[in-house]
Amino acid sequence: MTTALATDLNRVIQNHAPHVFDMLSGLGRELYYPKGILTQSAEAKQKARRHNATIGIAREKGRAMHLGCVMRQFAGTDPDEALPYAPSFGLPELREKWREHLLSANPSLAGRPMSLPVVTSGVTHGLSIASDLFVDPGDTVLVPDKVWGNYMMVFRVRRDARIVGYPLLDEGRKGLNLSGFAEVVKAESSRQKLVVVLNFPNNPTGYSPTAAEAQALCKELIAAADRGCRVVAICDDAYFGLFYDPEVFRESVFTLLAGQHPALLAVKLDGATKEDFAWGLRVAFVTFSSTGGEPVHDALEKKAAGCIRGTISNCSHASQRIVLRAMNDPAYEREKREKLDILRARAEKVRRTLADPRFAWRAADVPASSHPTIAAALARVGGARDDDVVWDPFVGAGAELLERARLGPYARLIGTDIDERALAAARRNAAAAGVPLELARAEATAFAPPQPPTLVLTNPPMGRRTGGHRTLDALLERFVESAADRLAPGGRLVWIAPRPQRTDGSARGAGLRLETSRPLDMGGFRAVLQRWRKP
Ligand SMILES: Cc1ncc(COP(=O)(O)O)c(C=O)c1O
């Protein structure tokens, strides 16, 4: 049953922003901020002379009761500044300070309607509050296809949303896929309500839009609102400020959505967790923007605080105090810039590595594709002969054959795989590399290459796709035997053995001789890179 306090908040929202009211989830409509605590402690502050039984903490000698060993961690801090409960909304001074920060980092927000930020315990918590407020089971939530996995937990697992991905980047991964985004938004905005997550800089790609791209994205959402869809635009700005390219839009897309349309509610999630490199302090914020203005913002702040009250009650006072003091510290901006410079230099280094011409062939990928460096290592251990007939029976996206091609002349490069998508990726990579691969769909142990291979070069499945050790062992034992059978005399089998204890016996039994064996860390499990020779 909806309480009177929630009904009051709902009425305010309904009167000033009926569309925003329609956006609220069932839970969102039930949420309210209980009067008791705030009113009582305010009264107690004024009236209590001897005892204040309202605040839920102990006091001693006029200050918050505290252990010396706890307070020594906050040298020079008055216990009152760290230990009492913070309001569910967050420390008022910190909320003001963060608003100032938002306005100074996003100059276009000046004059736009915006709530006061409500403090959350990290951006994840803020996303979860937004999810509670606006997502009902079955509601559609659009997320980028390059996605931070936790959105699934926040929106699908917790709120049973229907998650739909939109393509973030265009084919060449150089810019946003604006037409792909528009297509998904158009298709989904025939619904009454659409929740759209915008995450820039994007995790995992690091991509931030240019000003023109940001405007185009936002125009699409405003157009959906124009068509009668209620749009909740959730701006996950966790990485705000980590802009490394001079041409990117340096403000949040929130600025382009704030106060733009009565049927569009912009919700901004951001925080000190990443912006101030204070991840574990868990200080972040949720901020709303509706054309309904102050009364709606006030009601939404209360609903968010109610959600906090009903879950974690309030966020860490000590953490908020540290962030507030840091933001007021004269060194704050300079120290932040210094850290940003370090991260920018690291990002540039990563970009240079990715742009390495040695890996320019890598146009397409499939799940569990070989890492280019692993493929290059395999090719080197395989060695290169001008008359090599090379066969990769688990060709995947073609990495091993293409790395072998880089080592020198060969007679033929043959790749087989049971997965048509893998073969399509290998075809694209071969085209990008300008290397003629002979590709066919075939099962590794059933295929007989058109000419006996001098080199079987492969990174086989490691169990994630074959389902369990037993199936994998059986497949790889059969594979080793059939590879030995297919190899030309003097030929090599060079591969990564995920479970050599199971396959070495088969290789020896099939007459192969082990020439090289090197342990490999495959990122979570160990395997062995082996070269076998057929006498
Ligand atoms: C896109 C994105 N949003 C939010 C978060 C979580 O931020 P917080 O540590 O503030 O909860 C992360 C990663 O930690 C992220 O990658």
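Atoms within a ligand are numbered from 1 in the order they appear, just like the ligands themselves.
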- Query: Got a salt bridge between R321 and E93, using NZ or NE/NH1/NH2 to carboxylate O under 4.0 Å?
  - Reply: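 A salt bridge links R321 with E93.
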
- Message: Let's go through D276 and Y332 carefully: what are the C-alpha distance in whole Å and the side-chain angles of both, what is the deciding distance for side-chain hydrogen bond (donor to acceptor under 3.5 Å, both in side chains) to 0.1 Å, and is it a yes or a no?
- Response: CA-CA 9 Å; D276 293 340; Y332 177 67; 2.8 Å; yes

- Query: Do R230 side-chain atoms and A263 backbone N/O form a donor-acceptor pair below 3.5 Å?
  - Reply: no

- Item | For ligand 1, the residues whose heavy atoms come within less than 4.0 Å (ordered by chain, then number) |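 Close residues (ligand 1, cut-off 4.0 Å): G122, V123, T124, W148, Y151, N199, N203, D236, A238, Y239, T273, K274, R282.
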
- Query: Which pairs, with at least one residue in residues 110-123 and sequence neighbours excluded, count as a side chain to side chain donor-acceptor pair (under 3.5 Å)?
  - Reply: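 Not a single pair qualifies under side chain to side chain donor-acceptor pair (under 3.5 Å).
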
- Item | Inter- and intrachain pairs under side chain to side chain donor-acceptor pair (under 3.5 Å), touching residues 258-271, at least two apart | W98-D270, D226-H261, D237-K268, K268-D270

- Output every pair passing salt bridge (Lys or Arg N to Asp or Glu O under 4.0 Å) with a member in residues 180-199, not counting sequence neighbours, ordered by first then second residue.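 For residues 180-199: D139-K193, R162-E188, K186-E220, E188-R191.
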
